[in-house]
Amino acid sequence: MTQRLLIADDEPLARERLRRLAEELPGYEVCAEAGDGDDVLKAIADASPDILLLDIRMPGLDGLEAADTINRLDHPPAIIFCTAYDEYAIDAFRAQAVDYLLKPVRREHLESALGRAGHLNRVQIRALQESARTEPEQITVRTHRGTELIDLPRIYFCEADQKCVTLHHDQGETVTDFTLKELEQAYPDHFLRIHRHTLAGTRHIQGLTRSGNGQALLKLRPIETPLQVSRRHQPHVREWIERQDKRSQSR
């Protein structure tokens, strides 16, 4: 069955390039184009596309705002973001995008993304969107392997060195270009600052202890080696643990 595509981008040349790439692939036809977020919504109503190739920075409603509205539809198209900016990846996957392609979009990447989108019918897309509301939040990380999604509750701690931040989780380690400050501010329920170089995953915190020389240490399950807590952050960490203990006792 031929999949109907809607291309939304405020740059005519970008739309033309996507149209050319898509029409070179068997099984796809471009049913409509849009130059801004408002036109996207109208085009969806008029053309009923199966898949939407959506830019993020556009006049009027931007791509993320448009996606938020589209996802409330009873029969939304699958969304593939096509953008020149990589900093929106987290928000894009929160908007339940099938994929996130960076411009200039390469033919093989578009073909792969369209293939994934084509496997989802409208009922499945809606089901995924409904289930995503109850699933754990995820962080989107770009690595040498591509874009990875990591469940935030599975991250034990985040550790910074001079060049990057490493996420330590139940599947190993993943290096990200997010800063600790960005992670701390974006996910305050998931991470607790314990050191200038370290954030602890809140759901894994067991309690404070001390080393033989008096250094404050934070025990995380299931990690055997506790993490150092700086003197500056000890009061805040202790207060956080006390609040959690009070909540547990009141239940």
Side-chain angles (χ1 to χ4, degrees), residues 1-59 61-71 73-129 131-132 138 140-149:
M1 181 182 297
T2 299
Q3 298 283 310
R4 294 162 55 81
L5 309 182
L6 166 59
I7 299 174
D9 197 302
D10 63 329
E11 299 179 6
L13 290 178
R15 295 200 303 271
E16 180 182 341
R17 185 172 190 277
L18 282 174
R19 173 185 281 272
R20 186 175 68 252
L21 289 175
E23 291 181 342
E24 290 175 355
L25 301 173
Y28 303 98
E29 66 174 11
V30 178
C31 64
E33 295 184 11
D36 59 52
D38 297 308
D39 284 346
V40 171
L41 303 181
K42 185 177 184 300
I44 289 175
D46 293 342
S48 297
D50 300 298
I51 301 171
L52 169 60
L53 303 179
L54 181 61
D55 189 18
I56 288 183
R57 291 191 179 180
M58 297 187 297
L61 289 176
D62 67 21
L64 293 171
E65 292 170 331
D68 183 59
T69 300
I70 292 165
N71 284 332
L73 300 175
D74 289 334
H75 303 289
I79 298 174
I80 298 172
F81 281 103
C82 302
T83 178
Y85 307 94
D86 61 4
E87 66 264 31
Y88 297 107
I90 291 177
D91 294 325
F93 282 104
R94 282 178 180 167
Q96 307 311 311
V98 174
D99 212 330
Y100 186 89
L101 305 180
L102 289 176
K103 297 177 180 177
V105 175
R106 297 174 60 179
R107 184 179 186 274
E108 59 268 28
H109 293 166
L110 179 62
E111 183 175 17
S112 176
L114 289 173
R116 283 194 291 275
H119 290 305
L120 299 176
N121 60 35
R122 293 176 184 273
V123 174
Q124 290 171 321
I125 291 168
R126 189 65 179 177
L128 285 174
Q129 291 165 345
S131 65
Q138 295 175 313
T140 308
V141 181
R142 290 193 171 276
T143 71
H144 65 281
R145 295 184 294 272
T147 300
E148 295 184 15
L149 290 177

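What you see is a predicted model; the values in this text were computed from it and never measured.
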Can you give me the closest heavy-atom contact between Gly35 and Pro59, atom names plus distance? O-CD, 3.9 Å

Specify the closest pair of heavy atoms between Leu110 and Ala22, including all atoms of both residues, with the distance to one decimal. CD2-N, 4.0 Å

Is any side-chain heavy atom of Ile51 less than 4.5 Å from a side-chain heavy atom of Val98? no

So, taking the atom named NE2 in His109 and the one named CG in Leu101, what distance separates them when rounded to the nearest 0.5 Å? 8.0 Å

Which heavy atom of Leu6 sits nearest to which heavy atom of Ala34, and what is that distance? CD1-N, 4.2 Å

Is there a side chain to side chain contact (heavy atoms under 4.5 Å, CB included) between Asp39 and Met58? Walk through the geometry before answering. CA-CA 11 Å; Asp39 284 346; Met58 297 187 297; over 6 Å; no

Applying side chain to side chain contact (heavy atoms under 4.5 Å, CB included), name anything that partners Thr69, two or more places apart in sequence or on another chain. Leu41, Arg72

Within-4.5 Å side-chain heavy-atom neighbours: Asp9 and Arg17: no

If every non-hydrogen atom of Phe81 is compared with every non-hydrogen atom of Ala67, which pair is closest and at what distance? CZ-CB, 3.8 Å

Go through the structure and list residues passing salt bridge (Lys or Arg N to Asp or Glu O under 4.0 Å) with Asp46, not counting sequence neighbours. Lys42

How long is the span from the NZ atom in Lys103 to the CD1 atom in Ile56, to the nearest 0.5 Å? 9.5 Å

Nearest-0.5 Å distance that lies between atom CG in Leu54 and atom CD1 in Ile7: 11.5 Å

Is any side-chain heavy atom of Ile80 closer than 4.5 Å to one of Leu53? yes

Contacts of Arg19 that satisfy salt bridge (Lys or Arg N to Asp or Glu O under 4.0 Å) - sequence neighbours left out: Glu23, Glu33

Measuring from atom CZ of Arg57 to atom CG of Leu64, what distance do you get when rounded to the nearest 0.5 angstrom? 10.5 Å

According to salt bridge (Lys or Arg N to Asp or Glu O under 4.0 Å), who are the partners of Glu65, at least two apart in sequence or on a separate chain? none

Please determine whether the number of non-hydrogen atoms from other residues, nucleotides or ligands lying under 6.0 Å from atom CD of Glu16 exceeds 12. no

Less than 4.5 Å apart, side chain to side chain, heavy atoms only: is that true for Val40 and Leu52? yes

Nearest atoms (heavy-atom pairs only) where Ala43 meets Ala32: CB-CB, 4.4 Å

Heavy-atom pair with the smallest gap, counting every atom of Asp36 and Asp38: OD1-N, 3.0 Å

Can Arg107 and Leu25 be said to form a side chain to side chain contact (heavy atoms under 4.5 Å, CB included), step by step? CA-CA 9 Å; Arg107 184 179 186 274; Leu25 301 173; 3.5 Å; yes

The salt bridge (Lys or Arg N to Asp or Glu O under 4.0 Å) partners of Glu11 (sequence neighbours excluded) come to none

Side chain to side chain donor-acceptor pair (under 3.5 Å) filter on Asp55, not counting sequence neighbours, yields none

